Amino acid sequence: MTTPPKFTTLGCRLNAYETAAMQELSEQAGVDNAVIVNTCAVTAEAVRKARQEIRKLRRENPDATLIVTGCAAQTEPETFAAMDEVDQVIGNTEKMQAETWQSIAKGPDFIGETEKVRVDDIMSVTETAGHLIDGFGRHRAYVQVQNGCDHRCTFCIIPFGRGNSRSVPAGVVVEQIKRLVGRGFNEVVLTGVDLTSWGADLPGEPRLGDLVMRILKLIPDLPRLRISSIDSIEADENLMAAIATESRLMPHLHLSLQAGDNMILKRMKRRHTREDAIAFCQEARKLRPDMTFGADIIAGFPTETEEMFENSLRMVTDCDLTWLHVFPYSPRPGTPAARMPQVNGKAIKSRAARLRAAGETQVQTHLAAQIGRTCEILIETPRLGRTEQFTEVHFDTDLPEGQIIRAEITGRTDSHLLGLPLHLG
């Protein structure tokens, strides 16, 4: 009797997408009694958590083959290879290759001790992973259209885990989304490491807006298209046109802002200014009044003074951000920021708390503003769905999963909306 492989995903949504792909590849190969940890390397804390998770999984699965992959495995394979709990370390390129899983399925005798680490130079990879899966999750599908990053922000090690930017051709993306719609998915999310750099390595250098327009034109029966995190400074003319004219493009954008002070942005080696970010948000909301924004913001970046932090704090209201991802800065070995003068740990913790409190106030304002409105809601579980702005809505009766329903927003709690279905069928 075989034991299906168990997967643990740490980190970003793209990791979750790739875990789904690995599950499919491992099942096709017949991998038996294995535990796979798909790691994140975004901070030193993320690597620490990966090691902690590996030790826990080994205790729970003493006889399984334990495999570590993902960005942390790519950037520091020797760290994980040195752990007694780990049987094999696989790089980000190798984890998406069928032959990797086929060799794992043949067992340790085939792999050999000398192949405990299989991690190639990610910078030499010029194509996106050839393995596409038809989405994951029962309700919305995530389609990876881009991988890697050509930028070198001073706090970030991800390019060394993901490689340089490379794009999936538009025709391949369109065909995959057509399959997903044919399988009944009502919402598709475009994902990538640096999504707005999509197309720069393709013939004619198309932009993300071109891809969005092409998807919506060629797949008229796709009800909802959503974009994951973008770099607002790279938003192109067609993307803004889609925001203005395409109701099937969801009015929710997650922005990679990181800070709201120009000196800190410069030291981060970001390509936008505070003024750029505010102008983008104002323009997007002018084009689409119901637009909501999420954002990544780092608290306590090296050299950040209290005055600089206040500029970041004000960005929450200046850009009218709703969904905040707040990251207390922690130095990542190997990055330029780790060598800069560091901010006191207590100050970092305090600033992160203040940012989260500001974000919570914004959430409460957003929730209150929705009461009495009629919304289109994608049902995720029998009694839970999300609006076009990605706001969670709870219901008192069971509803058909995966369907989009109209509902009146009748109330709220501190974390979500309460809805009353209007029409079904």
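Computed from a prediction, not measured in an experiment: that's the story for all the values here.
Here Ile67 contributes atom CD1 and Ile104 contributes atom CD1; the two are 4.0 Å apart, rounded to the nearest 0.5 Å.
Within the structure, the side chain to side chain donor-acceptor pair (under 3.5 Å) test picks out the following pairs touching residues 212-227 (sequence neighbours left out): Glu187-Arg224, Glu187-Arg226. Pairs engaging residues 255-302 under the ring-ring contact (aromatic ring centres under 6.0 Å, His included) rule: Phe301-Tyr329 [sequence neighbours left out]. For residues 352-370, every residue pair satisfying the salt bridge (charged side-chain N to carboxylate O under 4.0 Å, His left out) rule, not counting sequence neighbours, is listed here: Glu306-Arg354, Glu310-Arg354. Applying the salt bridge (charged side-chain N to carboxylate O under 4.0 Å, His left out) test to every pair with at least one member in residues 36-45, sequence neighbours left out, gives these pairs: Glu45-Arg48. A side chain to side chain donor-acceptor pair (under 3.5 Å) check over residues 238-248, counting only residues at least two apart or in different chains, returns the pairs Asp210-Asn238. Judged as a ring-ring contact (aromatic ring centres under 6.0 Å, His included), not a single pair has a partner in residues 202-246 (not counting sequence neighbours). Annotation: ring-ring contact (aromatic ring centres under 6.0 Å, His included) contacts involving residues 205-251, sequence neighbours excluded, are absent.
Using a 3.5 Å distance cut-off with no hydrogens or angles, the side chains of Asn262 and Glu275 do pair a donor with an acceptor. Judged purely by distance below 3.5 Å, without hydrogens or angles, the side chains of Thr19 and Asn38 pair a donor atom with an acceptor atom.
Note on ring orientation: taking the six-membered ring where Trp is involved, the planes of Phe390 and His252 are parallel (angle under 30°, cut-offs 30° and 60°).
Residues Thr39 and Glu53 form no side-chain contact, since every pair of their non-hydrogen atoms from C-beta on lies 4.5 Å or further apart. Counting only heavy atoms from C-beta outward, the side chains of Glu76 and Glu78 approach each other to under 4.5 Å.
Under a 4.0 Å N-O distance rule, the pair Glu18/Arg162 qualifies as a salt bridge. Under a 4.0 Å N-O distance rule, the pair Asp398/Arg383 qualifies as a salt bridge. Taking a cutoff of 4.0 Å between a charged side-chain nitrogen and a carboxylate oxygen, Arg140 and Glu380 qualify as a salt bridge. A salt bridge links Arg406 with Glu376; the closest basic N to acidic carboxylate O contact falls under 4.0 Å.
Residues passing the side-chain contact (heavy atoms from CB on, under 4.5 Å) test with Ser228, sequence neighbours excluded: Val189, Thr191, Leu195. Under the salt bridge (Lys or Arg N to Asp or Glu O under 4.0 Å) criterion, Arg270 pairs with Asp231, sequence neighbours left out. For Lys178, the salt bridge (Lys or Arg N to Asp or Glu O under 4.0 Å) partners are Glu175, not counting sequence neighbours. Val343 meets the side-chain contact (heavy atoms from CB on, under 4.5 Å) test with Glu304, Ala347, Ile348, Arg351; sequence neighbours excluded. For Glu388, there are no salt bridge (Lys or Arg N to Asp or Glu O under 4.0 Å) partners at least two apart in sequence or on another chain.
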